[in-house]
Amino acid sequence: MSLSAQYDPKNIFAKILGGDIPSARVYEDDRVLGFMDAFPQSRGHTLVIPKVQACNLFDIAPDDLQNLMVQTQTIARAVRDALAPDGIRIAQFNGEPAGQTVFHIHFHIIPVWEDENERPHAAGKMADINELKDIAAQIKAKL
Ligand code: 5GP
């Protein structure tokens, strides 16, 4: 997918927003959704997406981006408070060559522990939905 690609309303995150695919939700309001990554790079790997249709950083309106970023900070604070990692990486990829695999803009919140190896990006075995819901509940409790 190039940086100028058209938004596909059938992408996985659009289906999650529409409730067609289950997700372990952490936070939702009328503008954003926070939920657990199904192929987590670490325990607590959370995604934050806007409810507007935008493939990447270049097609989202500044006001929606601002709100998305602030909500990412709020949710990242809850991840920090719930899981006490040694560090937290915030990531956002634009275009396939840059590592983007789902073309609905999102921020990754990836907790990092010094003594734990991170799993690869968007790969491996899908996590158990009940385990993800348990972690989501811990994060939600800190919001
Ligand atoms: P990107 O590669 O576009 O930056 O990130 C997409 C993320 O979505 C990846 O980290 C991947 O693990 C995650 N992902 C892919 N499919 C699903 C899914 O069906 N449900 C959830 N919750 N996450 C997904």
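Remember, it's 1-based here, ligands and their atoms both numbered in the order they're listed.
Annotation for Ile135 and Gly44: closest pair CG2-CA, 3.9 Å, computed over non-hydrogen atoms. For Ser42 against Ile110, the heavy-atom pair with the smallest separation is OG-CG2, 3.6 Å. Between Asn67 and Arg31 the shortest heavy-atom distance is ND2-CB, 3.5 Å.
In this structure, Glu28 places its CD atom where more than 12 heavy-atom neighbours from other residues, nucleotides or ligands lie under 6.0 Å away. The environment of CG in Asp29 is crowded: more than 12 heavy-atom neighbours from other residues, nucleotides or ligands sit within 6.0 Å.
Backbone and side-chain nitrogen or oxygen atoms of Gly99 are examined, and one is located within less than 3.5 angstrom of a nitrogen or oxygen of ligand 1. The shortest N or O to N or O distance between Met126 and ligand 1 is not below 3.5 Å. Backbone and side-chain nitrogen or oxygen atoms of His108 are examined, and one is located within less than 3.5 angstrom of a nitrogen or oxygen of ligand 1. At a 3.5 angstrom cut-off on N or O pairs, Val102 counts as close to ligand 1. For a threshold of 3.5 Å applied to N or O pairs, the pair formed by Leu47 and ligand 1 contains no separation below that value.
Of all protein heavy atoms, the one lying nearest to atom 12 (O) of ligand 1 is Asp37 OD1, 2.5 Å. Atom 19 (O) of ligand 1 has as its closest protein heavy atom Ile12 CG2, 3.4 Å. When only non-hydrogen protein atoms are considered, atom 8 (O) of ligand 1 lies nearest to Phe13 CZ, 3.3 Å.
Aromatic ring centres of Phe93 and Phe107: separated by at least 6.0 Å. His104 has its ring centre no less than 6.0 Å from the ring centre of His106. Centroid-to-centroid, the aromatic rings of His45 and Phe39 stay 6.0 Å apart or farther.
Using modelled atom types, one side-chain atom of Gln100 and one backbone atom of Cys55 make a donor-acceptor pair closer than 3.5 Å. In this structure a side-chain-to-backbone donor-acceptor pair under 3.5 Å is missing from Asp37 to Leu47.
At a heavy-atom distance under 4.0 Å, atoms from both the backbone and the side chain of Phe39 approach ligand 1. Both the backbone and the side chain of Ala38 come within 4.0 Å of ligand 1, counting heavy atoms alone.
Taking a cut-off of under 4.0 Å to the non-hydrogen atoms of Met36, the atoms of ligand 1 that pass are 22 (N). Close approach of ligand 1 to Thr101 is summarised as follows: ligand atoms under 4.0 Å from at least one heavy atom of the residue are 1 (P), 2 (O), 3 (O), 5 (O), 6 (C).
At least one heavy atom of Ile16 sits under 4.0 Å from some atom of ligand 1. Distances shorter than 4.0 angstrom do not occur between any heavy atom of Lys15 and any atom of ligand 1. Look at Phe103 and you'll find every heavy atom at least 4.0 Å from all atoms of ligand 1. Ligand 1 lies within reach of His121, whose nearest heavy atom is under 4.0 Å from it. Ligand 1 has at least one atom lying under 4.0 Å from a heavy atom of His106.
Arg43 and Glu116 are not joined by a salt bridge, as no carboxylate oxygen comes within less than 4.0 angstrom of a charged side-chain nitrogen.
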